[in-house]
Every structure is written in structure tokens, then in C-alpha cells.
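Data first, discussion second: the structure below is written as C-alpha cells.
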Amino acid sequence: MTIVAFAEKNKAAEEIANILGQGNYKRTSIEGIAVYRFKRDGNDWAIAGLAGHIMNYDFPAEYNSWTGVEPGALLDISPIKMVTKENFAFAIEKLAKEADTIILACDYDREGENIGFEAKELAERVAKVPIKRARYSTFSKNEIENAFDNPGEPDAALAMAAETRQILDLKMGAAFTRYVTLSVREKAFTKDILSIGPCQTPTCGFVYEREKAIREFNPKDFWKITADFDADGNVFTGTHRAGHIPEKEKADEIMARIKGEKTAVVHKKTVREQSMAPPFPLNTTEFLKRASAFLNISPEKSLEIAEQLYLSGLTSYPRTETNKYADDFDFKVILADMAKNPDYATAVSQIVTAPAGIKSKNGPKDAKDHPPIHPIRGATKSTVESMIKLPGAYAVYDLICRHFLANLMPAAIFEKTKMEMKIKEDLFDAAGSIKKFAGWLDIYDFETKNDKFLPDINEGDATAVKKIMNTASKTAPPKKLTEAELLTLMDKNGIGTKATAPTHIETNKKRGYFEAKGKTLSILNTGYMLMESLDASVPIVIRPKIRAQVEELIQQVEDGKITMDEAVSTGTELIKKMYADLTENKDRLVTKLSGSIKTEAAESDKKNYIGTCPICQNALRIVTTDNGRFVGCVGYPDCSQTYPLPKTGALTVQRTKNCPKEGVAVLDVGKKYEWAVGVGPCFSCDQNVICNPPEVVGTCPRCKEGEMQLIEYKDGRFLKCTLQCGHTQSLPDKGRLTILDNKCETCGWNMFRVKEQNKDAVEFCANRRCKAIGKRKEAEK
DNA sequence: GCAAGGTC
């Protein structure tokens, strides 16, 4: 008899073959897919590993046209399931033909059951044999043997739950994405897709909510009183018990009470030890968070590196929810191997020689999927880098190793000191923290905090008061969302899975909805406008509830309370309702998004970009037509804001200069004059004296009140009194003229410098009435 | 060309 089994992935198939074949198995191959063969209890066994899903839903080909099909019509169409990995389908059918019994042996979860059913469907096309299900969640000998010796029945409800998700996600994603993309293209030229999905959109929603809180933040004034105390040269700072004081009068009142006080007394001092436990074992989410926070590597890149580390045999399987080791987990073998890297040797010997034995600080989650991410082999930097060519590979390996070791080490111990200082009757708090015992922090120095010392003084002791400060400050807006925080939010709200969360973040980046700058995320204009429009029309779509709603339906299918068809039709109705809300608000959506897309295009057109439209916040840019040129808003025709421009002259936008009036930008017109968009030429503006203060060189020798101002025009230059006395005087008309900072010692005017071509520069006082001129002329003779 | 979920 021949028994054929299908596991979810190659590594699992090999592991099972090794256990059931008692180390005796042969690797063969069909279409490049590994098939492990062995004998057990007189039967021939063949087990192959799949590669996750090998089928996918899609709409029938006639619905592929975006323009030929109204997007909403997709909601009435049943997607069909098609093979996406032909070689696996071929191998499954070939193996099914030689089987007397088939065992589905994918991961013991919803998707695993579904992947098994994909194999089942393909096998049933060519073979009529019993199909069983082996359920296991660890690769322990007992569990695997038991799972395959006593296989159960496949669980259709569980598999159909996954199927329901596939269909509803596709329907919603396709209809919404096509609708939004096509609507925006009616008004803005773009090849980009504006995608919407039940995971990617709430992911963007988290970033949007934070950004909104930052933009809408109203800073509030507060005052804080601090004092510097001096205990025999050891200076430390304390904060007044009142903390952040919202009213200035109250802060002033306190200051008045204690102003000028020279001594303080230690009113109370408490010292206690605080221990800091090592981190729990790493599951995927925690790993991604730490790689982002400590190593500045994006979740997508981290997972890719972890995958390579796993395939190279350096670390364990990277996709797991579990943060707890099994009772019989063998730390010893791994620890022994890890000493190969000298950086870990000290920690390893501390762990293995600990009198209490090797003990893990386990976390609470046991999803029965895979053990926490841990090293399998010890390796040096050069070994890791020779095996994996991705940047950051060693940093990630090192993080996994250090985390593994840290988890097995003792807690760190800090001595925390709290001191209450008293100036007259006012209390000030000071805190100190000293690391007494490093413990796991020895090997895990990613977030070390410096010690903060307080002097060794006791209750009743007096210190000098060096100074007392009252600092005015403002409350700070929330900080930008970090990638690590986003992962936490997604995890908490059930958005995506351990394996897909990085992809959803990446999708948003690819779509131009938000971007990462280091560890923090910033929403981009298109993302903000999309979220804002959706928030106003179909708010549920940008919130986790959209996922929760589908999840609830799926759960009912899994529990056998409703059928897949019922769930799909209920779910489709919900999507239709949302779709109706979306289409009803089309105008606002399109105006906001097309404006934002045009704005982004205009901003990158550096030569013509002017600034932000005061009416609609979109971009203003120079528009040139056959009839001339003007400044217009990209929001046209929804926004008709325009400004005139001078008819001739090359225009250059001055990026660093702002107009004090309503001008939205200042332009250079040729090299001649300036033009404020919305105001006109700067020379005829009453603010010009402020924007372009006249270059003055000294007091007017006639009226003695005005200043002599340099006037330069196309054909020459001269000096003119700033008052109405009318005094002028000529200047040399050749050469480049500069007004210097140093002054004439005789009359006090600024000195001039003239440089003619092929001649030495000359410095002189230009004041014709200056007594020094006569002297100079004499000297020249 | 559209989603999310597996895994390579």
C-alpha cells in the first residue's frame, strides 16, 4: 500500500519523513518539487511539501477590463478558483495516482486546512481514494507519529472559512480599487493605482489618525519650576511638586515664595531595588518590532532576511505567534554551538553554569504553530555574511542570538533613589537610577540607559540651592507613529497576520500613501486625502472594524453555524452598502484626490511650482498659454484661483523669500526686478523698504538728516538722499561696485570698492565733500 | 492592473 502526504512546505515534509522513516528516507523529485520516500510498517510512503497556497481566486476573464465593466458589477460576480502553481498541481496529481491513501498534513490552522483542500481538490480529479488529515503542531516524535498513525477527517468548515475570506477580500478590494482609481483618472492624469483593501486601508488609517492628531494639536502653555541643588560639589536637579503648571500666575507665586533661598533640606529619601526581567522569547511581530526599533530595518526586509537565515539553517522558522518554549525544548545543543561566535561565549558559559539550571523567561502565547524564533547554529559575522548576501543579514542574526541568550539570563537590577527636597515649605522631586547588576543587559545592549546619580546624602541633610528656574514651555504634539507602533496596532486589532503585516505596510508605501523616514512614518498627501475622503463617506473602511466584520462571518463558517454561501452573500451585501456610500460621495473624493495627485506632480515641476493655494491648499503653478502666462491652481475647475504675471522677462521663483503681504511667492523677473505673486511688482509696493532695505552709505551732507542711498538702474548708478532734500552725487560708472562694512575714518561713510577688468581693485571714500578726498588727491600727486 | 493569505 502506498500512502501519500502533503505538507505545507518543504522543510516540514522533510522533517516528517525523517521522523516517520526513522532517519531513513530518500529524496526524489517531480517537476523540481522534492518528494521524500520511505518505508514504514510495510507501507510505501511519499511526502511532498507545497509552497503555501497553490490556487487563487480571480474574476472570470471577461471581467478583466477595468473600463468595460462597472466596478460595482464585480460584487454580483462569483470569482473562480484557479491553479497558480502549475508544477505543484502536476506533482499532486502524479502522486495521487500512485496513492492508496492520501493524508493532508499542512499546518494545523485555518489557512493550512485550506491549502490541504487545494491539494484534495486536485487529487480528487485523478484518484478516488480515502483522504485523511494529520493534525500536529510540533515536530516532536510522539506527536508526529500519533498524527499520522491516527489521522482524522479533513475539516471542511475550517477550510471554507478561509475560502470565504478569499472571496470577500477580493470582491471588496477589486471593486473599491477600480472605482477610486478610475474616478480619479477622470480628473487627473495618473498611471498609479489607488488601492483599497480590508487590511491595507486600516493600516494606512492608523498612520492617518496619528497624523491628524499632530496636525490638529493645540499647544498649551505651561510653566515648570526646577532647582539645582549642590551637595559638596555634586549638583543635581529637582522638579517642583506642582509639575506642569498651566497658569503663569501660579508659577510666579511659587517663585516669589522661594526666590533667593540659598539652602534646601533632604525631606525624604527612599532607595529601593527594582528588577527588570529579560524579554520574552521572540515571535514574529516582536521580532519585526525590535528589528525596526533597534536596527532600523523595515519589517519587509527583516522578514526576508529571517527567511534566508532559516533556509540557511542558521535560525528557526520565522513565522510564529508563539513566545513560549515547549517543556522539552533542547537549549543545550544550541547553546553549545553558539559559543562558536566569541561575542556570545561569555553569556553562553554564564547560562550553562547557572546553579539553577537553564531557565527561559517564557511569554504567555502558545499558538501551537512553531517555536519562538531562535538560533539553530552559532556562526561568526563572516560566516553569516558569506551565506546571506542581504544587507543587514548579520545584524538580524545577531539580534536573534542576543535575544535568545538574554531570555535565558537573570533579571537586571537597578537601584532607584527618590529624593524629596524642601526649599522652605516647597517640595522638589529628584530621581536617580543606578544599574547594580546587568544580568541579561550584558548581552542585550540595544536600549541601554545611562545611570543617573544622586549624591550620597540623607534625610535631614542640608544642601545649597544653586539656582531656581521657572521655565515657560508648551505641551508637545504627539510624536509621529513608528513602524514598531504600527505593527503593535495591527497585531492588537487583528489587521493582517504575522506573515502579512510587513506586506500591508509595504503596499501603502508603494502606493505613495505614507513613507518611512528612519523608524517613523509620515503620511503623504495622497494618503491623507484618501483617508479623509473615505472617513467622510465610508468611515468603516479606514478602521479595523472592517476586518473584524469579515472575521466574524468567517468564524461563523468555521463554527458550522452558517455555510460559506450564506457568509459570502451576507458579506457581499455589506460591501454593496459600503460601495453605495462611496459612490454617493464621489465628487468630494475625486476633488480631493485629483487635487492631491496634481499637486504632487506640480511640486516636482520645480521651475513652475509657486506654492500652496490659499483657497484649496492644492498647488499653484505657472501656466503658459498662447495668450500669455499666469499663475493658476491645479484644483481648476473646482478652484479658479489665478494671479497675473508680468508679460515679459524670465521668471525665477525665489524659494527662500516670503512676501509680507498676500503674495504667495516672490519671483525674479529677469535680473531687473522682483514680482510678488498676488501683489505685483515689488518696487511699487509700500513694503519694499522692509523687504529690500535701501543700501545706505552715510549721512546726507546737504540736509544732514537723510541717508545717502545707492540707486542702481539699467544705465548707471548714483547716490541719492532718502529724504526729500534732493541731494544727489555721481559714482564712477565703470567696474563692479561693492559697499564695504568698514567706514571712512574722516567722514564716517561706508567705504567703496571698485574692481575694473584687468585692473587692481580700488578702495575709497565716495563722499565728495569728505575732507579726506583732498588729502588723497594730494597723496596721489 | 484590483485583495489577503500562504511560502521560495
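A quick note: this is a predicted structure, and the numbers were derived from the prediction, not measured. Throughout, protein chains are lettered first and strands after them, A, B, ... in sequence-line order, and every chain is numbered starting at 1.
- Distance from the side chain of A:Tyr317 is smallest to B:dT7 among B:dG6, B:dG1, B:dT7.
- Looking at residues 178-187 of chain A, you'll see A:Arg178, A:Arg185 sit with a heavy atom under 4.0 Å from some atom of DNA chain B.
- Side-chain atoms of A:Asp58 and base atoms of B:dC2 include a donor and an acceptor less than 3.5 Å apart.
- Side chain A:Asn56 to base B:dA3: a donor-acceptor pair is found below 3.5 Å.
- To the nearest angstrom, P of B:dA4 lies 17 Å from OH of A:Tyr57.
- A salt bridge is defined here as a Lys NZ or Arg NE, NH1 or NH2 lying under 4.0 Å from an Asp or Glu carboxylate O, and A:Glu121 with A:Arg125 meets this definition.
- Taking atom CD of A:Gln308 as the reference point, atom C1' of B:dC8 lies 8 Å away to the nearest angstrom.
- Distance A:Lys81 NZ to B:dG5 C1': 12 Å, rounded to the nearest Å.
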Which atom pairs, one a donor and one an acceptor, fall under 3.5 Å between side chains of residues 86-98 of chain A and the rest of the protein, sequence neighbours left out?
residue: A:Glu98; atom: OE1; partner: A:Arg37; partner atom: NH1; Å: 3.1
residue: A:Glu98; atom: OE2; partner: A:Arg37; partner atom: NH2; Å: 3.4

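- Looking at heavy-atom distances under 4.0 Å, A:Ile54 makes no contact with the nucleic acid at all.
- Closest to the side chain of A:Trp66, out of B:dG5, B:dC2, B:dA4, is B:dC2.
- In this model, the phosphate group of B:dG1 is not approached by any side-chain N or O of A:Thr177 to a distance below 4.0 Å at OP1 or OP2.
- Proximity of residues 488-510 of chain A to DNA chain B (heavy atom under 4.0 angstrom from any strand atom) is restricted to A:Gly496, A:Thr497, A:Ala499, A:Thr500, A:His504.
- The side chain of A:Glu307 has B:dC8 as its nearest neighbour among B:dG5, B:dC8, B:dG1.
- Distance CG (A:Leu311) to C1' (B:dT7): 9 Å, rounded to an integer number of Å.
- Near DNA chain B, meaning a heavy atom under 4.0 Å from it, residues 384-393 of chain A has no residue at all.
- Atoms CG (A:Asn114) and P (B:dT7) sit 13 Å apart, rounded to a whole Å.
- Among A:Tyr397, A:Tyr310, A:Phe287, A:Phe329, the single residue meeting the ring-ring contact (aromatic ring centres under 6.0 Å, His included) criterion with A:His374 is A:Phe329.
- Ring orientation note: the planes of A:Tyr317 and A:His370 are tilted relative to one another, at an angle of 30° to 60°.
- As a whole-Å value, the separation of A:Glu321 CD from B:dG6 P is 9 Å.
- Contacts of residues 153-175 of chain A with DNA chain B (heavy atom under 4.0 Å): A:Arg165, A:Gln166, A:Asp169, A:Leu170, A:Gly173, A:Ala174.
- Across the protein-nucleic acid pair, A:His370 atom NE2 and B:dG6 atom C1' stand 11 Å apart, rounded to whole Å.
- Taking atom NZ of residue A:Lys11 and atom P of nucleotide B:dT7, one finds them 13 Å apart after rounding to whole Å.
- In this structure, A:Lys212 is not positioned above the aromatic face of A:Tyr528 in the sense of NZ or CZ being under 6.0 Å from the six-membered ring centre and within 45° of the axis.
- Using a 4.0 Å heavy-atom cutoff across all strands shown, A:Ile196 reaches sugar-phosphate atoms only and no base atom.
- More than 12 heavy-atom neighbours from other residues, nucleotides or ligands sit within 6.0 angstrom of CD on A:Glu566.
- Of the candidate nucleotides B:dG6, B:dC8, B:dC2, B:dG6 has the atom nearest to the side chain of A:Ile115.
- Of all the residues in residues 532-552 of chain A, A:Arg547 reach under 4.0 Å from DNA chain B with at least one non-hydrogen atom.
- A:Pro71 comes within 4.0 angstrom of no nucleic acid atom, judged by non-hydrogen atoms across all strands.
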